[in-house]
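Heavy-atom basis, side chains included; hydrogens, waters and symmetry copies ignored.
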Amino acid sequence: MMTNTKTHNHPYHLVDYSPWPLTGALGVLILMTGMIKWFHNFNYNLILIGYLIVILTMYQWWRDISREGMMQGKHTILVHKGLRWGMILFIVSEIFFFLSFFWAFFHSSLSPNIEIGASWPPMSIMPFNPFQIPLLNTIILITSGVSVTWAHHSLMESNFSQTTQGLMITIMLGIYFTFLQGLEYLEASFTIADSIYGSTFFMATGFHGLHVIIGTIFLTVCLIRHLNNHFSMNHHFGFEAAAWYWHFVDVVWLFLYITIYWWGTN
């Protein structure tokens, strides 16, 4: 007797067969190999192929997950709870990721070695003025946290026009932040190879900048989904996860600004 494998009597979500984990892994492998080739030979052909594969995989994987939750009804209450906990644990792992950079910074700054002049910042390092671009970027990110909260509350009240406005403002502020940080890097008087200060500074702020770019993409996908009526006042975890991620990025920047830009330059 044949049975229908598509039916089940439990609230859990058993994912369908998907090629996207494989293509994603291949894309990251090609991207990493392309980066190494770019570092050594200044040839970026392979890195562009890697970026293309990763972007296409992201698009198609997110498309499938959106269909599962919106059209196929596979995101039950229990699955929804699991997704929430998954996002919370992911953000916790990101907190510990940045904690390692703060640990390295404080370890080096509180007891500077003789090799860097027994002073912090090290001799010959001209740090950034914390009251110029860094302060502006702080204001930008705090404002973006307000706008994404406005968008979230508007969505919960079914005020879709204000949700659109809040999301667009947040995305523009994220792009503006990335532009200013890139400008700051271009004007830097030191590099990642300039002692432990340069290493910790560019690793911490660089990875935060990468997270801002990821969060901006995350919110852009949410804006596109919102304009296509994928969210409702009761069913919008995709947007909620993006808002959580963005608030995490905001809080990390506040710690970066206070410790590395302000305290670390005095």
Check whether any side-chain heavy atom of [X] sits under 4.5 Å from a side-chain heavy atom of [Y], and report yes or no.
| X | Y | answer |
| --- | --- | --- |
| Tyr176 | Leu180 | yes |
| Phe105 | Phe201 | no |
| Leu223 | Leu227 | yes |
| Ile214 | Tyr245 | yes |
| Phe190 | Ser195 | no |
| Val212 | Trp246 | yes |
| Thr57 | Val54 | no |
| Gln165 | Trp150 | yes |

For the [atom1] atom on [X], are there more than 12 heavy atoms of other groups (residues, nucleotides or ligands in this structure) within a distance under 6.0 Å?
| X | atom1 | value |
| --- | --- | --- |
| Met156 | CE | yes |
| Trp263 | CH2 | yes |
| Met32 | CE | no |
| Phe248 | CZ | yes |
| Tyr51 | OH | no |
| Trp38 | CH2 | no |

For the pair Phe218 and Trp62, name the ring-plane relationship: parallel under 30°, tilted 30 to 60°, perpendicular over 60°.
-> parallel
Connected to Ile55, directly or through other members, by ILVMFWY side-chain contacts below 4.5 Å are none
Residues joined to Leu254 in its hydrophobic cluster, side chain to side chain under 4.5 Å directly or through other members, sorted by chain and number, are Ile142
From the list Asn41, Leu46, Ile47, side-chain contact (heavy atoms from CB on, under 4.5 Å) partner of Tyr44 resolves to Ile47
Closest non-hydrogen atom pair between [X] and [Y], with its separation:
| X | Y | result |
| --- | --- | --- |
| Cys222 | Ala242 | SG-CB, 3.7 Å |
| His247 | Gly145 | CE1-O, 3.5 Å |
| Thr259 | Phe106 | CG2-CZ, 3.6 Å |
| Ala204 | Leu256 | CB-CD2, 3.7 Å |
| Ser189 | Met126 | OG-O, 3.0 Å |

Applying side-chain contact (heavy atoms from CB on, under 4.5 Å) to Leu22 and not counting sequence neighbours gives Leu26
Residues at least two apart in sequence or cross-chain that pass side-chain contact (heavy atoms from CB on, under 4.5 Å) with Arg84, listed by chain then number, are His80, Phe237, Glu240, Trp244
Rounding to 0.5 Å, atoms OG1 (Thr178) and CG (Leu183) come to a distance of 12.5 Å
Distance col, row Leu167:CG vs Gln162:CD, nearest 0.5 angstrom, shows 12.0 Å
Side-chain ([X]) to main-chain ([Y]) donor-acceptor, under 3.5 angstrom:
| X | Y | result |
| --- | --- | --- |
| Asn228 | His230 | no |
| Ser108 | Ile196 | no |
| Asp64 | Trp61 | no |

So the side-chain hydrogen bond (donor to acceptor under 3.5 Å, both in side chains) pairs with at least one residue in residues 199-215 (sequence neighbours excluded) are Glu94-His211, Tyr185-Thr205
Taking the six-membered ring for Trp, is the centroid-to-centroid distance between [X] and [Y] below 6.0 Å?
| X | Y | value |
| --- | --- | --- |
| Phe160 | Phe231 | no |
| Trp253 | Tyr261 | yes |
| Phe255 | Phe98 | no |

Across all chains, not counting sequence neighbours, the ring-ring contact (aromatic ring centres under 6.0 Å, His included) partners of Tyr59 are none
Exercise: do Gln60 and Trp20 side chains pair donor with acceptor under 3.5 Å
no
